[in-house]
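Structure first, then comments.
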Amino acid sequence: MNIFAIVKSRVDAAVAELVAEGQLPAGLDLERVAAEPPRDPSHGDVTTNAAMILAKPAGKPPKAIAEMLVAKLKAAPDVVEASIAGPGFVNMKLKDGIWQDVLKDVLTIGTAYGNGADKKHPINVEYVSANPTGPMHVGHARGAVVGDALARLLAKAGFAVTKEYYINDAGGQVDNVARALHKRYLQTLGRITDAEFQAALESKEIQYGGDYLVPVAEALAKRDGDKWADASDETTWIPPLRAFTVEWMMRQVKEDLTALGVQHDIFVSEKALVDAGKVQDALDYLTKHGLTYTGVLEPPKGKTPEDWEPRPQLLFKATQFGDEIDRPLQKSNGSWTYFASDIAYHKDKVDRGFTDLVNLFGADHGGYVKRLQAAVKALTEGKGQVDVLLCQMVRVLNNGEPVKMSKRAGTFITLRDLIDAVGKDVVRFIMLTRKNDAPLDFDYAKVTEKSRENPVFYVQYAHARGRSVFRHAPEMFPGIDLSDAGLAKANFARLTDPEELATIKMMAAWPRMVEGAAVAHEPHRVAFYLYDLASQFHALWNKGNDAAALRFLQAEDKELSTARLALVRGVGVVIASGLAVFGVEPVEEMR
RNA sequence: GCGCCCGUAGCUCAAUUGGAUAGAGCAUCUGACUACGAAUCAGAAGGCUGGAGGUUCGAGUCCUUCCGGGCGCGCCA
């Protein structure tokens with residue numbers, strides 16, 4: 001039950017009545033009319049902007065419409081008060097029973113509270129998609145967590161979500177790793193010295209110098225002996241070494257993701273798409289629709305590469321779909337660009353029935369967004385869309401001091417380092433405390449601190465505090481039924497304190513929060529909501545410290561105590577429901 | 001030079017997607033524990049939302065233009 005949806009229907013009904021009475025013209029668009037919580041709670045429980053939205057199409061001043069609405073809404077069920085405020089808002093106060101019913105709902109439904117109606121509308125969320133060239137680092141962690149939380153959020157809101165990982169196992173980068181692995185392999189076999197390895201790295205003959213390839217090389221040597229040591233022609237050993245390292249890296253990636261609590265439904269291999277001829281198929285499709293041609297691009301403005309020379313290439317008419325320039329599909333040596341195989345991949349998604357796509361990229365891929373959106377539009381004849389969420393940098397700090405990272409020196413912070421240092425739940429929560437397109441500071445010291453400054457702790461503490469009441473309750477009331485079903489039978493009419501009702505009102509906002517955050521693709525909103533709910537609960541708790549009559553447990557009044565325990569439990573359920581979106585476990589105690 | 005993202009209290013960030021008097025935390029100041037967990041709470045103070053125009057009942061939010069920061073800019077993925 002979504003209170004605001006109910007009130008919206010009451011408003012719609014009131015408008016319909018006014019239309020029937022001839023007070024308002026027929027055919028009004030109610031799309032933009034909203035019933036929402038007012039920003040300031042003193043304005044009431046629910047507010048609607050209907051009068052202001054309808055003023056222009058109805059040809060009447062907002063206040064006149066508002067007056068008519070007030071008359072109708074005052075008579076509506078559950079509304080105890082309706083009044084005009086400001087430029088034409090209609091504020092309503094609902095009877096306490098409505099809120100008491102919300103709490104009963106929460107206890108009955110459990111953590112499924114807030115779930116949206118089943119929309120059956122498929123959405124594909126592609127995230128992580130880290131190249132299988134090395135361990136996952138902090139940057140990947142953010143994309144992984146945000147993508148995973150968004151997928152869970154969309155699922156909770158009622159969408160049919162597919163979580164997908166694209167393995168870039170076909171391009172030049174994996175060949176480069178294979179070359180680096182080969183050098184490590186020769187080193188392992190004693191065919192070259194450590195100094196020779198370093199020299200190869202410094203001369204840029206190989207690009208990956210990290211230690212993480214050593215165990216891979218050892219495993220390769222163990223499996224194949226010196227089979228690849230003497231082959232002078234790299235084309236004989238690149239494919240097997242590439243396959244070996246991709247498999248190894250993907251196993252590591254999956255282990256890391258599992259440790260982070262991230263699980264994908266599908267892994268799609270770029271190489272498999274290429275081998276199956278899907279790139280050619282996709283380009284045939286575009287060509288058939290007249291969207292490719294062979295042409296010569298202008299040199300890039302401002303920073304022209306030194307070796308620039310105009311060359312004819314196969315291009316995609318991205319400019320027809322809003323991109324700045326047409327984009328190359330084929331390199332001068334005749335092989336496909338990454339973009340070409342990405343088009344094939346997205347055609348594959350479309351062919352699987354998805355027109356609503358979400359991709360999570362690192363911020364350094366910002367320049368790629370428009371061409372991808374152009375491609376998806378072209379592939380779906382304008383019906384499909386891809387929303388690209390760019391995740392900004394994560395700055396890793398320790399007590400405010402930046403932790404230095406260098407990929408070359410091999411001192412970058414891996415995802416595994418983070419999880420080992422603070423635990424997966426903390427990593428997940430903190431990664432979700434900022435909008436994806438804002439930079440994020442991750443401070444080792446701060447995120448494990450036990451204070452209001454640390455949102456993970458603050459929310460978890462609220463939950464643990466609630467649980468502690470439940471540990472005390474049986475001492476005061478032996479045999480009390482503390483199950484959700486038992487608490488759902490409490491006499492909720494006993495919950496009349498403004499602070500108690502305010503707490504329930506915040507719980508009532510949860511379904512609306514889920515829907516809004518899901519549609520906007522903004523899982524971080526849930527973090528702020530949980531923080532606010534926790535804050536409300538801590539405030540309620542301390543009311544009891546100040547006035548003993550407001551404590552949850554009242555020895556002489558079991559009925560009231562039970563109703564308040566139901567309230568405490570309700571807060572716990574909503575917190576658990578929110579944490580589930582983040583893939584975080586609520587804690588029972590924090591000692 | 002062009003494109004994308006960003007600019008809100010001293011600091012770190014919100015703002016129900018165009019709503020009413022722009023809200024939290026930290027830092028500063030003042031209060032609340034022989035406790036259902038004070039790891040918390042209540043209060044004070046702090047603002048020309050980077051500047052200037054525009055759109056309308058109404059702008060932190062949308063448009064234009066400056067200023068300042070981040071990222072990117074053929075055959076890397």
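Sequence lines set the chain letters: A, B, ... in the order given, protein chains first and strands last, and positions in each chain run from 1.
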Given that both distances must come in under 3.5 Å, which nucleotide forms a Watson-Crick or G-U wobble pair with B:rA24? B:rU12

Under a 3.5 Å limit on both distances, the Watson-Crick or wobble mate of B:rC71 is B:rG3

Which value, in whole Å, describes the distance between the C1' atoms of nucleotides B:rA45 and B:rA9? 11 Å

If you count every heavy atom of other residues, nucleotides or ligands that lies below 6.0 Å from A:Lys317 atom NZ, does the total exceed 12? yes

Can you check the distance between B:rG72 and B:rA77, where both ends of the measurement are the C1' atom (answer in whole Å)? 14 Å

Take atom P in B:rU55 and the same atom in B:rA42, then report the distance between them in whole Å. 44 Å

Partner of B:rU40 by Watson-Crick or G-U wobble geometry, both contacts under 3.5 Å, or none? B:rA32

Starting at the 5' end of RNA chain B, which residue's closest nucleotide do you reach first, A:Leu390 or A:Trp336? A:Leu390

Evaluate whether the aromatic ring of A:Tyr368 and the six-membered ring of the B:rG72 base sit under 5.5 Å apart, centre to centre, with an inclination under 30°. no

How far does the C1' atom of B:rG60 sit from the matching atom of B:rU49, given to the nearest Å? 5 Å

Across the strands shown, which category fits A:Arg434 at heavy-atom distances under 4.0 angstrom: base, sugar-phosphate, nothing? sugar-phosphate

Who does B:rG18 pair with, Watson-Crick or G-U, both distances under 3.5 Å? none

State whether the distance check finds a donor on one side and an acceptor on the other, under 3.5 Å, for side chain A:Thr47 versus base B:rA20. yes

How is A:Ala520 classified with respect to the nucleic acid when contacts are heavy atoms under 4.0 Å: base, sugar-phosphate, or nothing? base

Integer angstrom distance from the P of B:rA22 to that of B:rA44: 16 Å

Would you mind classifying the nucleic acid contact of A:Met476 as base, sugar-phosphate or nothing, using non-hydrogen atoms under 4.0 angstrom? nothing

Are the aromatic rings of A:His538 and A:Tyr458 close, with centres under 6.0 Å apart? yes

Base, sugar-phosphate, or nothing for A:Glu499, non-hydrogen atoms under 4.0 angstrom? nothing

For the side chain of A:Phe89, counting heavy atoms from C-beta on, which of B:rC76, B:rA20, B:rA15 is nearest? B:rA20

What is the separation between atom CG on A:Leu397 and atom P on B:rU12, rounded to the nearest whole Å? 12 Å

By a 5.5 angstrom centroid cut-off and a 30 degree plane limit, is there stacking between A:His43 and B:rA20? yes

B:rA32, B:rA20, B:rG19: which one has an atom nearest the side-chain heavy atoms of A:Pro87? B:rG19

Run A:Gln173 and A:Tyr208 through side chain to side chain donor-acceptor pair (under 3.5 Å) and show every step you take. CA-CA 10 Å; A:Gln173 288 307 320; A:Tyr208 294 87; 2.7 Å; yes

Is the distance between the ring centroids of A:Tyr165 and A:Tyr127 under 6.0 Å? no

To the nearest angstrom, the NZ-C1' distance between A:Lys331 and B:rA77 comes to 9 Å

Measure the spacing between CD1 of A:Ile343 and CG of A:Asp348 and express it to the nearest 0.5 Å. 13.5 Å

Hey, does A:Pro455 reach any base, or is it just sugar-phosphate, or nothing, if we go heavy atoms under 4.0 Å? nothing

Give A:Asp437 one of three labels, base, sugar-phosphate or nothing, depending on what nucleic acid heavy atoms sit under 4.0 Å from its own. sugar-phosphate

Which class fits the ring pair A:Phe339 and A:Phe316: parallel under 30°, tilted 30 to 60°, perpendicular over 60°? tilted

Which is true for A:Tyr338 with a 4.0 Å heavy-atom rule: it touches a base, it touches only sugar-phosphate, or it touches nothing? base

Are OP1 or OP2 of B:rG7 and a side-chain N or O of A:Lys435 less than 4.0 angstrom apart? no

Taking only N and O in the side chain of A:Tyr531, is any of them less than 4.0 Å away from OP1 or OP2 of B:rG23? no

Please measure how far the C1' atom in B:rG10 lies from the corresponding atom in B:rG47, and state the result in whole Å. 12 Å

Would you mind classifying the nucleic acid contact of A:Gly172 as base, sugar-phosphate or nothing, using non-hydrogen atoms under 4.0 angstrom? sugar-phosphate

Might you confirm whether atom NZ of A:Lys331 has over 12 heavy atoms from other residues, nucleotides or ligands at distances under 6.0 Å? yes

Answer yes or no: does a side-chain N or O of A:Arg311 lie under 4.0 Å from OP1 or OP2 of B:rC75? no

From C-beta outward on A:His538, which listed nucleotide comes closest to its side chain: B:rG19, B:rU40, B:rC76? B:rU40

Please tell me which of the listed nucleotides, B:rG74, B:rA77, B:rA14, lies nearest to the side chain of A:Leu297? B:rG74

What integer distance in Å separates A:Glu298:CD from B:rC75:C1'? 17 Å

Would you check, one step at a time, whether the test side chain to side chain donor-acceptor pair (under 3.5 Å) holds for A:Gln373 with A:Tyr368? CA-CA 9 Å; A:Gln373 289 174 331; A:Tyr368 190 72; over 6 Å; no

What integer distance in Å separates A:Asp175:CG from B:rC76:P? 11 Å

Using 30° and 60° as the class boundaries, would you call the ring planes of A:His140 and A:His137 parallel, tilted or perpendicular? tilted

Tell me: CG of A:Asp40 to P of B:rU16, nearest whole Å? 15 Å

Across all strands, who's sitting opposite B:rU64 as a Watson-Crick or G-U wobble pair, both distances under 3.5 Å? B:rA52

For atom CE of A:Met393, decide whether the heavy atoms of other residues, nucleotides or ligands shown that lie under 6.0 angstrom number more than 12. no

Any base atoms under 4.0 Å from A:Ala85, or only sugar-phosphate, or nothing? Heavy atoms, all strands. base

Interatomic distance where NZ belongs to A:Lys63 and P belongs to B:rC57 [whole Å]: 15 Å

Return no unless some side-chain N or O of A:Arg465 is found under 4.0 Å from OP1 or OP2 of B:rA38. yes

Check every strand shown and say whether A:Pro328 touches a base, only sugar-phosphate, or nothing at a heavy-atom separation below 4.0 Å. sugar-phosphate

Of the nucleotides B:rG72, B:rC41, B:rC4, which has the atom closest to the A:Lys370 side chain? B:rC4

Write down the distance between CZ (A:Arg39) and P (B:rG60), rounded to a whole number of angstrom. 10 Å

Base, sugar-phosphate alone, or nothing: which one does A:Gln330 contact when heavy atoms must sit under 4.0 Å apart? nothing

Between B:rA77, B:rU40, B:rA14, which one does the side chain of A:Phe528 approach most closely? B:rA14

P spacing across the pair B:rU56 / B:rU8, given as an integer number of angstrom: 29 Å

In whole Å, what separates the P atom of B:rC62 from that of B:rG18? 8 Å

If you assign each of A:Ala464 and A:Asn49 to its closest nucleotide in RNA chain B, which residue comes earlier from the 5' end? A:Asn49

Can you tell me the distance, in whole Å, between the CG atom of A:Leu389 and the C1' atom of B:rC71? 16 Å

Across the strands shown, which category fits A:Lys543 at heavy-atom distances under 4.0 angstrom: base, sugar-phosphate, nothing? nothing

Heavy-atom donor-acceptor pair, A:Asn91 side-chain to B:rA20 base, under 3.5 Å: yes

Need the pair for B:rG58. Rule: Watson-Crick or G-U wobble, both distances under 3.5 Å, any strand; none if unpaired. none

